[in-house]
Amino acid sequence: MSAAMDTESTYSGYSHYSGHSKKAHRQGRDRHKSPRSKDGSRSEKSVTIQTPPAEPLLGNDTSRAEEGQDDNWGETTTAITGTSEHSISQEDIARISKDLEDSVGLDCKRYLGLTVAAVLGLLVFLTPIAFILLPQILWRDDLEPCGTVCEGLFISVAFKLLILLIGTWALFFRQPKADLPRVFVFRALLLVLIFLFVFSYWLFYGVRILDLKDTNYQGIVQYAVSLVDALLFIHYLAIVLLELRQLQPMFTIKVVRSTDGESRYYSLGHLSIQRAALVVLENYYRDFTVYNPALLTASKSRAAKHMAGLKVYNVDGPGNNASGQSRAMIAAAARRRDSSHNELYYEEADHERRVKKRRARLVVAVEEAFTHIKRLQAEEQQKAPGEMMDPREAAQAIFPSMARALQKYLRTTRQQQYHSMESILQHLAFCITNNMTPKAFLERYLNPGPTLQYDRDRWFSKQWTLVSEEAVTSGLQDGVVFVLKCLDFSLVVNVKKIPFIKLSEEFIDPKCHKFVLRLQSETSV
C-alpha cells in the first residue's frame with residue numbers, strides 16, 4: 001500500500017486533487033479481504049495473485065454508475081486505488097501451462113522450417129560453384145584448356161548468382177509476421193521442387209561427369225550455367241505464386257466483431273483461409289476501434305433488470321392447468337415493460353448531454369492551457385538559457401490545468417483504462433514539440449481511434465484461434481465462414497465472391513444531338 005500511496009501523491013501533485021483517503025483505505029481493505037466459507041476457511045481450488053496497478057490515469061472503476069455522479073465528483077475522488085486482486089482456479093493454471101507448451105511447439109516448428117529453408121538455400125548457391133571447382137581439384141591435369149568463351153561464362157555465372165541471391169533475400173528472408181497453424185502450401189511446394197531439381201542435377205553430374213571424369217571443361221561450365229538459369233526461372237515462378245497471384249481481387253469479405261457488431265469490408269485475391277485470416281487481423285488492428293467492454297456494461301445491466309421483473313406464479317397448484325392465467329400474466333407483464341423504451345431514450349439523452357457538457361469543458365481547458373504555454377515560450381526567450389523548459393517540463397507544467405476536465409471526460413466516455421497518465425504526458429509533449437494545436441491534441445481522446453493508437457499492452461492479444469469447417473490450407477470460396485477468436489471477443493468473417501460483370505457498349509453519333517424548340521401560346525417565350 002505504500003507504493004500505491006506514493007503513486008497517489010505523485011498524481012495528486014500534478015492535478016491538485018484532494019481525495020478523501022478514508023474511502024480509499026476502506027475500499028483497499030475490502031479488496032484485500034479474501035473470500036471465506038462459513039467455517040472461516042478459504043475456498044479450495046483457488047489461488048490469489050496480487051499484482052500492482054497498471055497505471056490507470058485517475059482511477060479505473062468502470063462499474064460505477066454514471067447516473068449517480070454530479071459534475072463536481074472529480075474534486076473528491078482519489079487518484080489511485082490500491083493493489084488489485086485476481087483469483088484463478090487450478091483449471092486456469094492448467095490451461096495456461098498448456099498454452100505455454102503449445103507456444104513452445106509453434107516456436108520449434110517455425111525454427112525448424114527456417115532451418116530447412118536456410119540449409120536448402122545454402123545448398124542451391126554452393127552447387128554451381130561446386131560443379132565448376134570439383135574438376136579443377138580432382139583431375140585438373142586431364143582437363144582441356146578453358147578458352148575465351150569459357151572464361152566469359154565465369155562472369156555470367158557470377159552475376160546470375162548475385163542476382164539470384166538478392167532476389168532470394170528480397171522474397172524469402174523477411175521477418176515473419178505471424179505463426180500460422182499450417183504450412184504455406186505454395187512455399188512448401190517450391191522447396192520440394194528446388195530440392196528435386198538440385199538433386200537431379202547432382203545425380204546427373206555424379207554419373208556423367210564425376211564417374212567418367214569428363215575432360216571438356218567448357219561443357220562442365222555450361223552445365224553449371226544451365227543450373228543457374230533454371231534456378232532463376234524457379235525464382236520467377238515463386239514471385240508469381242507468392243506475390244502476383246493474390247493481387248487481383250476475387251472475393252469480398254465482411255468482418256463483424258461479435259460483441260458490438262462493428263463491421264468492415266475488404267477485398268482479397270486467391271488466398272488460403274489461414275492467410276486470409278492473417279490479412280483480416282492486420283486490417284483489424286488498423287481499422288477497427290479499440291474494443292471497450294465497459295460500453296457494453298450498461299446495456300447488459302438494463303436487459304438483466306427488465307428480465308428480472310417478470311415473475312409467474314401458479315396459484316392453483318402444480319396439478320391444475322393454469323396455462324391461460326399464466327399467459328394473461330405474461331401479457332400484463334409485457335405491457336408494463338413496454339415503457340422500457342422511454343427509459344432507454346431518456347437514459348441515452350442524459351448521457352449525451354453529460355458527454356457534450358464535459359467535452360466542452362475539456363476543449364476550453366485544453367485551449368487555455370495551450371495558450372498559457374505559448375505565452376511562456378515568448379517570455380522565456382528573454383531569460384537565461386538555464387531557465388528554459390524542454391517539452392517534457394512544459395507538458396508537466398500545463399497538465400494540471402486540464403487533468404480534472406480530461407479525467408471526467410474519459411470516465412464519462414469509459415476510456416480511462418486505455419489512457420495512462422504517462423501516455424497522456426508523452427502525447428502532450430509530442431504535440432508541444434511539433435507545435436500542434438489543441439484540436440490536434442484532443443483528437444486522440446474525443447474520437448476513439450484504431451486499436452494501434454493505444455498502448456500495446458492494453459489491447460494486444462497474443463493468441464488468436466482460427467475456427468473453420470473447411471481446411472485452413474484450402475483456398476477461399478463463395479459462402480465460406482470462419483471465426484477468429486481471442487479471449488474477450490471473436491471476429492466472424494463471411495466470404496462472398498465478386499460477381500462476374502458484363503459490360504456492353506453503345507455508340508451515340510454526335511450528329512444526332514439535335515433539338516427543336518416547341519412553342520406554346522401559354523409560355524412566356
Side-chain angles (χ1 to χ4, degrees), residues 106 170-172 174-190 236-293 295-296 299 443 447-454 456 459-506:
L106 289 174
L171 183 62
F172 294 102
R174 303 175 183 177
Q175 185 177 3
K177 297 182 292 185
D179 287 328
L180 299 179
R182 301 291 181 180
V183 296
F184 188 12
V185 176
F186 286 134
R187 189 185 293 266
L189 288 178
L190 287 172
Y236 299 154
L237 178 63
I239 293 176
V240 172
L241 292 179
L242 302 181
E243 300 295 333
L244 300 181
R245 183 174 178 268
Q246 64 189 23
L247 294 181
Q248 183 180 3
M250 297 298 296
F251 301 94
T252 298
I253 61 173
K254 180 182 180 182
V255 184
V256 182
R257 188 158 57 188
S258 60
T259 51
D260 55 1
E262 185 175 355
S263 62
R264 295 289 188 277
Y265 288 88
Y266 303 103
S267 296
L268 297 179
H270 289 285
L271 292 175
S272 62
I273 293 179
Q274 62 177 357
R275 284 173 58 81
L278 179 59
V279 174
V280 168
L281 291 179
E282 292 173 354
N283 288 281
Y284 167 77
Y285 288 124
R286 182 193 65 188
D287 297 337
F288 279 72
T289 58
V290 65
Y291 171 67
N292 192 350
L295 296 177
L296 305 176
S299 61
E443 186 272 337
N447 302 316
T451 307
L452 285 174
Q453 175 178 303
Y454 300 91
R456 182 184 179 90
W459 54 259
F460 184 68
S461 177
K462 296 181 179 179
Q463 184 73 30
W464 286 87
T465 303
L466 176 58
V467 181
S468 174
E469 296 182 355
E470 304 290 338
V472 295
T473 55
S474 61
L476 294 177
Q477 296 179 359
D478 187 20
V480 171
V481 177
F482 59 91
V483 180
L484 290 165
K485 291 184 177 180
C486 68
L487 183 62
D488 298 325
F489 58 91
S490 60
L491 301 176
V492 182
V493 183
N494 191 1
V495 181
K496 293 294 182 181
K497 187 176 181 180
I498 298 177
F500 177 78
I501 301 173
K502 184 178 180 181
L503 294 177
S504 60
E505 180 184 3
E506 181 179 355

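Qualifying side-chain contact (heavy atoms from CB on, under 4.5 Å) partners for L190, counting only residues two or more places apart in sequence or in other chains: L237, A238, L241, L242. Considering only residues two or more places apart in sequence or on other chains, L278 meets the side-chain contact (heavy atoms from CB on, under 4.5 Å) condition with A178, L180, E282. Every side chain to side chain donor-acceptor pair (under 3.5 Å) that D287 has, sequence neighbours left out, goes to Y266. Considering only residues two or more places apart in sequence or on other chains, A471 meets the side-chain contact (heavy atoms from CB on, under 4.5 Å) condition with T473, S474. With sequence neighbours left out, the side chain to side chain donor-acceptor pair (under 3.5 Å) criterion links N283 to R286. Residues forming a side-chain contact (heavy atoms from CB on, under 4.5 Å) with S258 (at least two apart in sequence, or on another chain): F489, S490.
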In a table with atom names and distances, give each donor-acceptor pair under 3.5 Å that connects a side chain of residues 243-252 to protein atoms at least two apart or in another chain.
| unit_1 | atom_1 | unit_2 | atom_2 | d |
| --- | --- | --- | --- | --- |
| E243 | OE2 | R174 | NH1 | 3.3 |
| E243 | OE2 | R174 | NH2 | 3.4 |
| Q246 | OE1 | R275 | NH2 | 2.9 |

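A heavy-atom distance below 4.5 Å is not found between the side chains of L484 and T465. Looking at heavy atoms from C-beta onward, D478 lies in side-chain contact with K496 at the 4.5 angstrom threshold. Under the 4.5 Å side-chain criterion, counting only non-hydrogen atoms from C-beta, T259 is not in contact with D488. Within the 4.5 Å cutoff, the side chain of E470 has no heavy atoms near those of the F482 side chain. Side-chain contact check for Y284 versus L491: some heavy-atom pair is nearer than 4.5 Å.
Taking CG of L281 as the start and CZ of F288 as the end, the distance is 10.5 Å to the nearest 0.5 Å.
Every pair passing salt bridge (charged side-chain N to carboxylate O under 4.0 Å, His left out) that includes a residue from residues 248-270 is listed here, sequence neighbours excluded: R257-D260, R257-E262, E262-R264.
Counting only distance, with no hydrogens or angles, the side chain of Q274 and the backbone of R182 share a donor-acceptor pair below 3.5 Å.
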